[in-house]
Amino acid sequence: MCGIIAAASTRNVGKLLVQGLHKMEYRGYDSAGIALHQENSIAHLRSVGKVQLLEEKMIEEKPKSKLGIAHTRWATHGEPSEANAHPHKSKESVYIVHNGIIENYVELKESLIAKGYDFTSQTDSELIAHLLDFFINKGNSMIEAMYLAKEKLDGAYAIAAIDLKDNSNLVVARNKSPLLIGLGTDEMFAASDPLAIAQLTNDFIFLEDGDVASISAEEYKIYDSSKAEVTRDVTHIDISSQATSKGDFRHFMEKEIYEQPEAVSSTIDGRIGGEDVLDNIFGLGSSDLFSKVERIQIVACGTSLHAGRVAANWFSSIAELPCQIDYASEYRYRNPHVDKNSLLITISQSGETADTLAALNYAREKDYLASLTICNVPTSSLARESDFSLFTNAGPEIGVASTKAFTTQLAGLMLLALSLAKSRNLNPLLRGRIIKALRLLPETIAEALLCKEKMIEIAPSIANKDNALFLGRGIFYPIAKEGALKLKEISYIHAEAYPAGELKHGPLALIDENMPVIALAPESEIAEKLISNLEEVKARGGTLYVFADPSVNMDVKAGHLIHMPKCDFFMTPIVYNIPLQILSYEVALLRGTDIDQPRNLAKSVTVE
Ligand code: G6P
């Protein structure tokens with residue numbers, strides 16, 4: 001989704017701003033632009049499509065500048081076009097970039113038109129430039145104008161602005177959309193994503209909602225919502241360039257799939273000891289708090305929601321706790337009833353998903369015992385706003401389709417199920433058995449990754465289809481859902497998941513030789529039942545791709561039976577997901593799609 005980078009320096013900033021845009025490409029975007037202060041004018045370049053095209057314009061025009069703002073846009077209001085791309089300007093003087101959505105843009109736009117401002121885009125963002133220009137022309141400084149503009153704006157925003165009349169300062173503001181300042185030597189930066197400036201500095205200041213800041217090459221000043229100057233902590237983060245480069249892999253997604261054994265080790269390391277989970281791994285006081293929990297509510301989006309659906313089974317079977325799970329975008333609109341001693345759990349790779357954050361904010365008004373997040377980004381809004389947390393330590397995930405984040409979320413959620421059971425003095429033997437299996441998990445995942453050759457062999461028979469059906473039962477239904485999501489996200493093949501028992505209540509009508517049916521058949525009490533469901537598919541000509549325990553044997557006719565590594569049943573959802581990721585990747589490769597940045601999608605969805 002949209003990305004902001006801005007710089008004030010004693011050297012030329014054009015190139016480093018474009019490099020920063022490249023670093024944010026993974027977030028998903030459809031156009032890019034830059035505004036560079038050049039003393040008497042502001043160079044303004046925009047292009048639709050890849051950042052590369054903007055870079056080519058820059059090479060042609062060679063603008064020199066020590067102060068600038070740049071943006072990648074993911075269209076919300078108005079199609080992807082040059083006119084809608086950021087930066088937006090007012091009278092060749094004030095230039096802004098904006099992430100988020102201005103909810104009252106229609107009325108603000110009308111009032112600015114009435115004041116004589118011309119609009120050249122269909123966006124909700126352009127009015128911010130005009131508003132700032134309006135207040136600056138009334139004699140206000142940029143900072144004052146930003147505060148006055150903020151009073152008018154409803155919605156979520158991160159804004160960076162420059163003004164022709166000031167060649168050394170840029171002004172930024174944050175409300176419910178991530179924004180940070182990066183501290184360099186003789187230069188300062190602002191960005192919506194630390195990865196954008198990770199090659200320039202390791203020192204970051206994460207702004208808080210309501211903050212406004214002015215930034216020059218030499219200094220920065222931060223003011224809070226009451227306009228008082230404030231000091232915010234400097235966070236040192238060393239994001240290695242290895243973590244953000246593809247290495248020898250063709251795509252980030254491929255790299256991230258094969259990083260999973262190591263990523264899962266990082267989630268588990270230092271959190272288990274002997275035959276149990278360690279105390280307070282979710283934060284000081286968490287073990288005590290867990291002994292009071294009587295009910296769980298999970299909210300999340302996309303792949304993270306699927307991790308939650310798997311975990312809901314574990315909370316019930318290991319910690320004997322009832323669990324309700326909601327799409328974060330739906331949760332606050334169903335007027336949820338909160339039972340006493342309920343724990344709210346949010347799950348998020350980025351920690352910046354607008355709906356998940358909004359659900360957390362809504363839940364804060366309710367009577368929850370506490371909020372807890374399972375998250376991959378320790379500096380994220382969700383991490384900062386939750387009472388307790390566990391970071392998955394997966395390292396940056398760049399591919400839009402989530403892989404290692406999902407697997408590590410599952411490992412983190414298993415630690416949570418074990419911690420809840422421990423605090424409630426439940427199932428010590430089972431806990432010991434699961435801890436043993438968790439220790440073996442990185443190895444088991446490495447074994448599952450060896451199915452690559454088989455996936456390459458079967459990918460062509462799926463790549464030439466328009467649809468696919470994924471089947472699972474029980475805890476494997478969410479894994480089937482995640483498999484279907486992965487396939488549709490990156491290969492654009494329409495894919496659906498069903499609990500296998502539901503097959504004859506509708507989807508069986510879809511089965512013919514053009515419908516690949518991908519089924520998950522681990523050894524479990526329901527495996528036999530699932531196999532009968534698969535017989536129904538076979539009898540109707542559907543091609544079966546069955547991922548099964550080595551003990552499962554069935555005649556799949558022209559289809560494929562893929563035996564998975566043996567492992568403890570509690571680890572099977574994690575392990576069976578691995579070949580589904582590889583299969584989607586290999587199918588997408590054959591279809592030639594943009595695997596790391598699938599069309600229309602964004603990595604971090606920062607608008608509701
Ligand atoms: C987007 C991403 C998905 C992700 C979802 C939730 O849709 O493309 O991969 O699962 O957002 O993101 P989160 O960062 O909250 O896990």
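If you're wondering where the values come from, they're calculated on a predicted model, not measured in any experiment. For ligands, and for the atoms within them, numbers begin at 1 and follow the listed sequence.
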Engineer: Using 30° and 60° as the class boundaries, would you call the ring planes of Phe476 and Tyr576 parallel, tilted or perpendicular?
Structural biologist: perpendicular
Engineer: Before giving the answer on side chain to side chain donor-acceptor pair (under 3.5 Å), spell out for Thr267 and Asn393 the whole-Å C-alpha distance, their side-chain angles and the decisive distance to 0.1 Å.
Structural biologist: CA-CA 6 Å; Thr267 312; Asn393 302 336; over 6 Å; no
Engineer: Taking the cut-offs as 6.0 angstrom to the six-membered ring centre and 45 degrees off its axis, would you call Arg309 and Tyr477 a cation-pi pair?
Structural biologist: no
Engineer: List of N/O pairs, ligand 1 versus protein, all under 3.5 Å?
Structural biologist:
{"unit_1": "ligand 1", "atom_1": "8 (O)", "unit_2": "Ala602", "atom_2": "O", "d": "2.9"}
{"unit_1": "ligand 1", "atom_1": "9 (O)", "unit_2": "Val400", "atom_2": "O", "d": "3.1"}
{"unit_1": "ligand 1", "atom_1": "10 (O)", "unit_2": "Thr303", "atom_2": "N", "d": "3.0"}
{"unit_1": "ligand 1", "atom_1": "12 (O)", "unit_2": "Thr353", "atom_2": "OG1", "d": "3.3"}
{"unit_1": "ligand 1", "atom_1": "14 (O)", "unit_2": "Ser348", "atom_2": "OG", "d": "3.3"}
{"unit_1": "ligand 1", "atom_1": "14 (O)", "unit_2": "Gln349", "atom_2": "N", "d": "3.4"}
{"unit_1": "ligand 1", "atom_1": "14 (O)", "unit_2": "Ser350", "atom_2": "N", "d": "2.8"}
{"unit_1": "ligand 1", "atom_1": "14 (O)", "unit_2": "Ser350", "atom_2": "OG", "d": "2.6"}
{"unit_1": "ligand 1", "atom_1": "14 (O)", "unit_2": "Thr353", "atom_2": "OG1", "d": "3.4"}
{"unit_1": "ligand 1", "atom_1": "15 (O)", "unit_2": "Ser348", "atom_2": "OG", "d": "2.6"}
{"unit_1": "ligand 1", "atom_1": "15 (O)", "unit_2": "Thr353", "atom_2": "OG1", "d": "2.5"}
{"unit_1": "ligand 1", "atom_1": "16 (O)", "unit_2": "Ser304", "atom_2": "OG", "d": "2.6"}
{"unit_1": "ligand 1", "atom_1": "16 (O)", "unit_2": "Gln349", "atom_2": "N", "d": "2.7"}

Engineer: Salt bridge check: are Asp211 and Arg232 linked by an N-O gap of less than 4.0 Å?
Structural biologist: yes
Engineer: Among residues at least two apart in sequence or on other chains, which ones pass salt bridge (Lys or Arg N to Asp or Glu O under 4.0 Å) with Arg364?
Structural biologist: none
Engineer: Check this for me: Phe388, atom CZ, are more than 12 non-hydrogen atoms of other residues, nucleotides or ligands nearer than 6.0 Å?
Structural biologist: yes
